[in-house]
Number of protein chains: 2
Amino acid sequence: MSNQHFKKGELYSFITGKASTAIARRLQKKLNAAGMNLTIEQWSVLYHLWKDDGKSQQELCNATFRDKPSITRLVDNLEKLNLVKRVPSENDGRINKITLTKQAQKLQEQTMLLAEETLNESLVSVPPEKIEICKEVLQVVYDNLK
Amino acid sequence: MSNQHFKKGELYSFITGKASTAIARRLQKKLNAAGMNLTIEQWSVLYHLWKDDGKSQQELCNATFRDKPSITRLVDNLEKLNLVKRVPSENDGRINKITLTKQAQKLQEQTMLLAEETLNESLVSVPPEKIEICKEVLQVVYDNLK
DNA sequence: GACATATAGTTGTTTATGCAACTATTCAAA
DNA sequence: TTTGAATAGTTGCATAAACAACTATATGTC
């Protein structure tokens with residue numbers, strides 16, 4: 001097999017995800033600087049609701065790669081911020097549909113611009129074909145482990 | 001410029017670092033399964049001490065990409081576990097040298113094997129040249145943002 | 001030597017994660 | 001139709017992160 005003899009020095013940055021941490025921090029700073037009282041984790045939940053409002057908490061778990069307690073509390077905090085509402089499903093008494101408030105709908109455009117800006121900054125001087133390969137590798141890694 | 005017109009659908013996984021999260025979780029499970037009472041964050045501190053014992057807390061901050069309070073508390077917990085000791089520097093009264101205990105020295109080999117195993121699993125079917133490009137891109141991203 | 005400034009580390013607060021244990025609702029099978 | 005399993009969500013606990021405010025030591029300049 002091809003990867004058996006991984007050099008030890010290469011372990012660390014793959015495991016710790018320094019790059020994605022740096023991206024997330026940069027975006028967080030932009031959100032703060034824009035006066036948006038929003039964590040990246042909360043943003044990541046909103047992101048999926050902007051794509052498809054009314055997802056259940058379980059669907060948000062799958063979309064955001066988080067467990068149920070994490071989503072419960074993120075939704076708690078988003079509710080406190082008046083950005084989402086829990087709406088009990090009519091068909092199934094176990095399910096909450098999480099729906100965006102008008103206030104949250106307004107945030108979409110501005111935060112997506114900040115996110116794009118962050119990615120553009122992070123990828124300066126990286127040729128598109130290498131970005132493609134990198135994304136592909138990260139997807140395979142994710143699929144290998146899930 | 002080349003990256004200006006990033007497709008929106010591509011934003012998410014780059015920012016959230018799903019791949020590195022998945023790797024870290026897998027390694028955490030292996031540590032647990034091996035009966036090691038150790039978080040990956042604690043492991044990441046030990047990792048740098050195994051390479052060079054006696055680093056100051058500030059040096060650990062730089063090495064692990066964490067802030068000072070985070071390192072203070074990680075060292076607190078590692079001390080509780082009897083894996084490191086704070087040794088006041090003789091030259092400079094502000095500095096603690098963090099030194100490994102014998103118990104921590106014993107953990108190195110086993111945990112490094114588990115880390116390599118984790119990476120091998122995560123990179124199954126990824127050709128080495130793509131791994132290289134991916135590492136390179138992640139390094140540039142990190143450098144662009146730091 | 002005195003004082004301003006920089007550096008090293010700590011503490012408090014809020015938010016988030018992972019795990020286990022729990023409740024409530026639904027579904028399926030006898 | 002009742003009972004047991006599966007699913008959706010919540011709560012409690014320990015660990016960790018980000019940020020601001022803090023203490024203590026060191027350094028450099030007048």
Side-chain angles (χ1 to χ4, degrees), chain A residues 16-18 20-33 36-45 54-81 83-84 86-98, chain B residues 16-18 20-33 36-45 54-81 83-84 86-98:
Chain A
T16 56
K18 285 200 302 182
S20 58
T21 305
I23 293 174
R25 284 185 193 164
R26 175 67 60 97
L27 175 55
Q28 183 69 69
K29 278 185 184 153
K30 285 180 188 288
L31 291 171
N32 296 344
M36 281 186 261
N37 185 19
L38 198 63
T39 67
I40 340 152
E41 293 83 2
Q42 291 165 357
W43 175 84
S44 81
V45 171
K55 280 191 160 73
S56 71
Q57 295 187 201
Q58 183 58 54
E59 286 168 331
L60 287 172
C61 292
N62 302 336
T64 64
F65 193 42
R66 288 181 170 84
D67 70 357
K68 290 191 292 178
S70 293
I71 291 296
T72 292
R73 278 141 183 161
L74 282 170
V75 171
D76 286 348
N77 287 334
L78 286 167
E79 256 190 337
K80 281 183 205 156
L81 293 168
L83 295 174
V84 304
R86 283 177 167 94
V87 179
S89 165
E90 293 177 0
N91 315 324
D92 187 333
R94 297 167 301 181
I95 293 178
N96 293 330
K97 299 283 189 183
I98 310 303
Chain B
T16 56
K18 286 198 304 182
S20 58
T21 305
I23 293 174
R25 283 184 195 166
R26 175 67 62 97
L27 176 54
Q28 182 69 69
K29 280 187 183 154
K30 285 179 189 289
L31 291 171
N32 295 344
M36 282 185 262
N37 186 20
L38 198 63
T39 68
I40 339 154
E41 293 84 2
Q42 292 165 357
W43 174 85
S44 81
V45 172
K55 281 190 160 75
S56 71
Q57 294 186 204
Q58 184 57 55
E59 287 169 330
L60 287 172
C61 291
N62 302 336
T64 64
F65 193 42
R66 290 182 168 84
D67 70 357
K68 292 192 290 179
S70 294
I71 291 296
T72 292
R73 278 140 182 162
L74 281 170
V75 171
D76 286 348
N77 287 333
L78 286 167
E79 257 190 334
K80 281 184 205 156
L81 293 168
L83 294 174
V84 305
R86 283 175 166 94
V87 179
S89 164
E90 294 177 358
N91 315 324
D92 188 331
R94 295 168 300 180
I95 294 178
N96 292 330
K97 299 283 190 183
I98 309 302

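Note on naming: letters A, B, ... go to the chains in the order of the sequence lines (proteins, then strands), and numbering restarts at 1 for each one.
- Under the 4.5 Å side-chain criterion, counting only non-hydrogen atoms from C-beta, B:V84 is in contact with B:V75.
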What do the steps show when you test A:L83 against A:Q42 for side-chain contact (heavy atoms from CB on, under 4.5 Å), and what is the final call?
CA-CA 10 Å; A:L83 295 174; A:Q42 291 165 357; 5.6 Å; no

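- Nearer to the 5' terminus of DNA chain D, by closest-nucleotide assignment, is the contact made by A:D92 (compared with the other of B:E90 and A:D92).
- Identified under the salt bridge (charged side-chain N to carboxylate O under 4.0 Å, His left out) test for residues 21-31 of chain B, with sequence neighbours left out: B:R26-B:E121, B:K30-B:E117, B:K30-B:E121.
- Rounded to whole angstrom, the span from the CZ atom of B:R86 across to the P atom of C:dA8 amounts to 15 Å.
- Residues forming a side chain to side chain contact (heavy atoms under 4.5 Å, CB included) with B:Q28 (at least two apart in sequence, or on another chain): B:L31, B:N32, B:T39, B:I40.
- A:I95 has its CD1 atom 13 Å from the C1' atom of C:dA24, to the nearest Å.
- Between B:L60 atom CG and C:dA8 atom P the separation is 12 Å, expressed in whole Å.
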Footprint string (nucleotides 13-20 of chain C, 5' to 3'): B base within contact, S backbone only, - free, heavy atoms under 4.0 Å
B-SSSBBB

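- The shortest heavy-atom contact between A:S56 and A:I95 is CB-CG2, 3.7 Å.
- Sorted by first then second residue, the salt bridge (charged side-chain N to carboxylate O under 4.0 Å, His left out) pairs that include residues 63-79 of chain B, not counting sequence neighbours, are B:D76-B:R86, B:E79-B:R86.
- Protein chain B touches strand DNA chain D; the 5'-most and 3'-most nucleotides with an atom under 4.0 angstrom of its non-hydrogen atoms are D:dT15 to D:dA26.
- Legend: residues meeting side chain to side chain contact (heavy atoms under 4.5 Å, CB included) with A:N62, ordered by chain and number and at least two apart, are A:Q58.
- Minimum heavy-atom separation, B:C61 to B:I71: SG-CG1, 3.6 Å.
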